[in-house]
S.K.: 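Below are the structure tokens for one structure; questions will follow.
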There are 2 protein chains.
Amino acid sequence: METTCQCNTANNDTVTKGKAVLMTEHVAGDLANLFKVFGDPTRVKILHLLSVTELCVCDIANVLDMTQSAISHQLRVLKQAKLVRNRKDGKTVYYALDDDHVHTILRQGLDHISHVL
Amino acid sequence: METTCQCNTANNDTVTKGKAVLMTEHVAGDLANLFKVFGDPTRVKILHLLSVTELCVCDIANVLDMTQSAISHQLRVLKQAKLVRNRKDGKTVYYALDDDHVHTILRQGLDHISHVL
DNA sequence: TGAATATATGAGCAACTGTTCATATGTTAT
DNA sequence: ATAACATATGAACAGTTGCTCATATATTCA
């Protein structure tokens, strides 16, 4: 770690003010972990699908043309992040979105990538 | 890959409709890559800091108590994702947010993790 | 009960990520 | 020109991630 930089005279103040604004390690970690869940194409596809309708594991696997195991693993991640919930109906388990923020986050992400073209 | 599931009689239709809604590989990939950038505590802290004021590399390093090299690498990632821009003033390079969506995305993420407690 | 179906889970592996360390580039001042 | 400073970059390494494969659990039906 280097000492305080000298790139301008107000630096000590800038750093002090910055540290006051800086996120907690805890909050930054939680936030990063949330976005990490959105950071995979398979999970993004699943979330987008579920934003239209609830689906069972098997259907999701068929729509995405992936194995049931892979989808099940990903749904577990989504559920741990409280982004989806599930209900059981006999042998079948239906998954649905469990958070209003999912729509907004996906939307803002889409806005960004289309605006950046 | 297994064959079409038989969990209910409307399945073929469900899968067909799902495939119509399904995101392109391209879009899902771009979107995931964007969120991946938010999926690291260091980058989240930097983005949050820059949402308050522009800062030079050295100051960010001091505020986060990390090496200049580590911060520089991360700023490169943020810039490639078009989330930050920079201006050069002598030896110093100042970074600032370069996208309105950053605020919204961070806010929605914070709303989610606080709502989930 | 036993077979079939739907989902969940654990181990293992290849691919990716974030940091460190060393060094290069570019700017300012003497 | 030379030294000092601010930033950028490449290689390398440990830690993480997403999938596959095999198998376990749970439910329904004959």
Side-chain angles (χ1 to χ4, degrees), chain A residues 1-9 11 14-15 25 28-29 32-46 54-81 84-95, chain B residues 1-9 11 14-15 25 28-29 32-46 54-81 84-95:
Chain A
M1 188 59 50
E2 59 268 35
T3 60
T4 299
C5 73
Q6 285 130 17
C7 46
N8 70 64
T9 51
N11 261 345
T14 302
V15 172
E25 198 67 43
N33 283 333
L34 172 65
F35 288 124
K36 214 174 287 181
V37 175
F38 285 85
D40 175 78
T42 301
R43 287 192 293 264
V44 163
K45 288 182 203 165
I46 294 174
E54 71 169 11
L55 287 169
C56 68
V57 179
C58 179
D59 283 345
I60 298 174
N62 283 312
V63 171
L64 298 203
D65 200 34
M66 292 178 64
T67 65
Q68 173 271 319
S69 178
I71 299 302
S72 195
H73 278 296
Q74 295 294 26
L75 288 169
R76 191 188 194 215
V77 173
L78 291 171
K79 198 183 175 192
Q80 280 174 338
V84 305
R85 59 185 152 74
N86 56 10
R87 70 182 176 84
K88 199 166 188 178
D89 181 16
K91 294 179 281 189
T92 308
V93 179
Y94 291 93
Y95 282 80
Chain B
M1 188 59 48
E2 59 267 33
T3 63
T4 298
C5 73
Q6 285 129 17
C7 45
N8 70 64
T9 51
N11 261 346
T14 303
V15 171
E25 197 67 43
N33 283 333
L34 171 65
F35 288 124
K36 213 175 288 182
V37 175
F38 286 85
D40 175 78
T42 300
R43 287 192 293 265
V44 163
K45 287 183 205 166
I46 294 174
E54 69 168 12
L55 287 169
C56 68
V57 179
C58 178
D59 282 345
I60 299 173
N62 282 311
V63 171
L64 297 202
D65 200 33
M66 291 178 64
T67 66
Q68 173 270 321
S69 178
I71 299 301
S72 194
H73 278 297
Q74 296 294 26
L75 287 170
R76 191 187 194 217
V77 174
L78 292 171
K79 198 185 176 190
Q80 280 175 339
V84 305
R85 59 186 151 75
N86 56 10
R87 69 180 176 87
K88 199 165 185 179
D89 182 15
K91 295 179 280 188
T92 308
V93 180
Y94 290 94
Y95 281 83

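Naming: A, B, ... by sequence-line order, numbering from 1 per chain. Only a predicted model underlies this, so the values are computations on that prediction, with no experimental measurement involved.
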S.K.: Between P on C:dT17 and CZ on B:Phe38, what's the gap in Å once rounded to a whole number?
M.R.: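 That distance rounds to 16 Å.
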S.K.: With a 4.0 Å limit, can you tell me whether B:Lys88 has a side-chain N or O closer than that to the phosphate oxygens OP1/OP2 of D:dT7?
M.R.: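 Checking D:dT7 against B:Lys88, no side-chain N or O comes under 4.0 Å of OP1 or OP2.
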S.K.: If you check the B:Cys56 side chain, which of D:dT7, C:dT27, C:dA6 turns out closest?
M.R.: D:dT7
S.K.: Between residues 71-81 of chain B and DNA chain C, which residues have a heavy-atom gap below 4.0 Å?
M.R.: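 Residues of residues 71-81 of chain B under 4.0 Å from DNA chain C: B:His73, B:Gln74.
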S.K.: To the nearest Å, how far apart are B:Ile60 CD1 and C:dT19 C1'?
M.R.: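 From B:Ile60 CD1 to C:dT19 C1': 17 Å.
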S.K.: Less than 4.0 angstrom between a side-chain N/O of A:Tyr95 and OP1 or OP2 of C:dA6, yes or no?
M.R.: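 False: A:Tyr95 side-chain N/O out of range (4.0 Å or more) of C:dA6 OP1/OP2.
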S.K.: Does the plane of the ring in A:Phe38 sit parallel, tilted or perpendicular to the ring in B:Phe35? Use 30° and 60° as the thresholds.
M.R.: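 Rings of A:Phe38 and B:Phe35: tilted, as their planes differ by 30° to 60°.
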S.K.: Look at the side chain of B:Gln68 against the base of D:dA8 and say whether a donor-acceptor pair falls under 3.5 Å; ignore hydrogens and angles.
M.R.: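 Between D:dA8 and B:Gln68, which were checked side chain against base, a qualifying N/O pair under 3.5 Å is present.
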S.K.: Start with the C-alpha distance between A:Gln74 and A:Met66, add both sets of side-chain angles, then the distance that settles side chain to side chain contact (heavy atoms under 4.5 Å, CB included), and finish with yes or no.
M.R.: CA-CA 11 Å; A:Gln74 295 294 26; A:Met66 292 178 64; 5.8 Å; no
S.K.: Indicate the atoms forming the closest heavy-atom contact of A:Ala32 with B:Pro41, along with that distance.
M.R.: CB-N, 3.4 Å
S.K.: Knowing that exactly one of B:Asp40, B:Val77, B:Leu78 qualifies, which makes a side-chain contact (heavy atoms from CB on, under 4.5 Å) with B:Ile46?
M.R.: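 Of B:Asp40, B:Val77, B:Leu78, side-chain contact (heavy atoms from CB on, under 4.5 Å) with B:Ile46 is met by B:Leu78 alone.
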S.K.: Distance check needed: C:dT19 C1' versus B:Leu64 CG, whole Å only.
M.R.: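 Whole-Å distance recorded here is 14 Å.
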S.K.: Considering all heavy atoms of both residues, which atom of B:Val15 and which atom of A:Val63 are nearest to each other, and what is their separation?
M.R.: O-CG2, 3.7 Å
S.K.: If you check every side-chain atom of B:Ala70, which of C:dT19, C:dA8, C:dT27 has the closest atom?
M.R.: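 Given the options C:dT19, C:dA8, C:dT27, the side chain of B:Ala70 is closest to C:dT19.
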S.K.: Closest nucleotide of DNA chain D for A:Asp89 versus for A:Thr42: which of these residues is on the 5' side?
M.R.: A:Thr42
S.K.: Would you please name every residue forming a side-chain hydrogen bond (donor to acceptor under 3.5 Å, both in side chains) with B:Gln80, sequence neighbours left out?
M.R.: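 Testing B:Gln80 for side-chain hydrogen bond (donor to acceptor under 3.5 Å, both in side chains), a comparison that skips the adjacent residues, returns none.
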S.K.: Which nucleotide in the set C:dT27, C:dA6, D:dA26 lies at the smallest distance from any side-chain heavy atom of A:Lys91?
M.R.: C:dA6
S.K.: Quick one: B:Asn62 CG to D:dC5 C1', roughly how many Å, whole number?
M.R.: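 Taking CG of B:Asn62 and C1' of D:dC5, I get 14 Å after rounding.
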S.K.: Can you check the B:Tyr94 OH to D:dT7 C1' distance for me, whole Å?
M.R.: 13 Å
S.K.: On DNA chain D, check which nucleotide each of B:Asn86 and A:Arg43 is closest to and give me the residue with the more 5' one.
M.R.: B:Asn86
S.K.: Is any side-chain N or O of B:Ser69 under 3.5 Å from a base N or O of C:dC21, one able to act as donor and the other as acceptor?
M.R.: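 Check passes, donor-acceptor contact within cut-off.
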S.K.: Among B:Asp89, B:Asn62, B:Thr92, which residue satisfies the side-chain contact (heavy atoms from CB on, under 4.5 Å) criterion with B:Cys56?
M.R.: B:Thr92
S.K.: Any side-chain N or O of A:Thr67 under 4.0 Å from OP1/OP2 of D:dT20?
M.R.: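 Indeed, a polar side-chain atom of A:Thr67 lies that close.
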